[in-house]
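Here's the structure, in structure tokens; my notes come after.
A note on names: the letters A, B, ... follow the listed sequences, proteins ahead of strands, and every chain is numbered from 1.
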Number of protein chains: 2
Amino acid sequence: MLNDFFNKLSKNILLTEADKVIFSQHVVVKKLRKRQYLLHEGEICKHVAFVNSGMLRSYLVDEKSNEHIIQFAPEGWFISDLYSFITEDASNLNIEAIESSELVLVSRASHIYLEKAVPEFFKFNYLQYRGAYIALQKRLTSTFTLSAEEKYINLLNIYPDIMQRVPQHMIASYLGLTAETLSRVRKKLTKKKSEHS
Amino acid sequence: MLNDFFNKLSKNILLTEADKVIFSQHVVVKKLRKRQYLLHEGEICKHVAFVNSGMLRSYLVDEKSNEHIIQFAPEGWFISDLYSFITEDASNLNIEAIESSELVLVSRASHIYLEKAVPEFFKFNYLQYRGAYIALQKRLTSTFTLSAEEKYINLLNIYPDIMQRVPQHMIASYLGLTAETLSRVRKKLTKKKSEHS
DNA sequence: ATTATTTCTTGATTTACATCAAGGTATTGA
DNA sequence: TCAATACCTTGATGTAAATCAAGAAATAAT
């Protein structure tokens, strides 16, 4: 049940069997069917979720009720609203399963406990946050510097696997484009490709 | 010399006098005049800099040679290219003093050493990265969801102090706007204000 | 003091992308 | 298996912000 979770942690830190026992006492496994929610905006985010299988997305709905996808989380990834999780303020985000998924949930109290009880977990989170910050900075610069077409190509290069499993309008939403614009970009790209041969 | 630096750390962690001695042996104080650089793109980022006084900016230059400001760092802030600092890959960023500044520099080797020798420093960085990630996510969502005018107002609310010290074209660059657009936004806002009275 | 540089403004024009609208194609579900 | 959603495409039109251009103000430098 927790194997994938432990393997993920073990990629960056050293977990003893004793550590694993501690973890197993402080996490919960949960299943979500496609289109079920882990978090609705307005709620306090109660968990960090590790995705054992399936895929989730977190997104925000703006004034004009357009959705903006913050993150995709396929198997092997974590997802949460870290801001709400830490501050216990109401979240602006929604977290939804876009495939039927199995999750390992860590509550706020458990998260704090585990960082103390398993110092390597503290280190793991240090690395996660640092990496997430760097990745997000790249995303920000790509939204500033690239055209719609370049953003799309760039994204395909970074996450080819994820982009194959996700509907186009969600890719558009992640990139800050409309579905129509992305459709036209794709058309142009296939035309380019065929001319190339 | 290092008082501001220690005060900053002490806001989040507990530093002993012994810790301070260790720090003082592993950091370097450096001054930059206005328009001098801490980092040029293509170089490996060798330091994390704490700003004792003055202000720096980090920015990236795109294909069309437009500048995009990633970060402003006035006194009390840290600045670096974390990606390059960690991976030792060449940086895409430039870091420049926009006022004459005094910095406390921590090299990569010292950073690693200090995190081991002063566990509280490791914790400090954990908190820094986590906070930076959350702040950056807010910045990303504001670029997705807000109009030019809203972005500007939002930024003034978050960093009123910094925005008063920085030329407008740099504010524009930070927001992903042109200087002309920001100038027009500001004109419209002063008009609104005068109508209000 | 006055030249030079940087910064800001304003107008005219262009452009990338959004919006609106409507039909087509899958996929899902009783 | 047929209706209902969800998803994708295409065209026509609109628009916020970029670009181009040129001058005015402010700051800095000699």
Answer yes or no: does a side-chain N or O of A/K187 lie under 4.0 Å from OP1 or OP2 of D/dT10? yes
Send over the distance from B/K191 NZ to C/dT9 P, rounded to a whole Å. 13 Å
Interface polar pairs with nucleotides 15-19 of chain C, N/O, under 3.5 angstrom:
from   : atom 1 : to     : atom 2 : distance (Å)
C/dC17 : OP1    : A/A148 : N      : 2.9
C/dA18 : OP1    : A/T178 : N      : 3.4
C/dA18 : OP2    : A/T178 : N      : 3.3
C/dA18 : OP2    : A/T178 : OG1    : 3.1
C/dA18 : OP2    : A/T181 : OG1    : 2.3
C/dT19 : O4     : A/R184 : NH2    : 2.9

For C/dT6, does either OP1 or OP2 sit under 4.0 Å from a side-chain N or O belonging to B/Q168? no
Pull out every stem in DNA chain D, meaning runs of 3 or more consecutive Watson-Crick or G-U wobble pairs with both distances under 3.5 Å. C:1-22 with D:9-30, C:24-30 with D:1-7
What integer distance in Å separates B/L189:CG from C/dT9:C1'? 15 Å
Is the distance between the ring centroids of B/F5 and B/W77 under 6.0 Å? no
What class does the angle between the rings of A/Y126 and B/F122 fall in, given that below 30° is parallel, 30 to 60° is tilted and above 60° is perpendicular? parallel
Centroid-to-centroid, A/H26 to A/Y113, below 6.0 Å? yes
Is any side-chain nitrogen or oxygen of B/H169 closer than 4.0 Å to OP1 or OP2 of C/dC8? yes
Carboxylate-amine/guanidinium proximity below 4.0 Å for B/K8 and B/E75: no
Step through it carefully: locate the ring centre of A/Y59, locate the ring centre of A/Y174, and say whether they are under 6.0 Å apart. no
Would you mind checking if A/R57 and A/E67 are paired as a salt bridge, meaning a charged N to carboxylate O distance below 4.0 Å? yes
What protein N or O atoms touch nucleotides 27-30 of chain D N or O atoms at under 3.5 angstrom, if any, and at what distances?
none

Only residue of A/I79, A/V29, A/L32, A/V28 satisfying side chain to side chain contact (heavy atoms under 4.5 Å, CB included) with A/L103 is A/L32
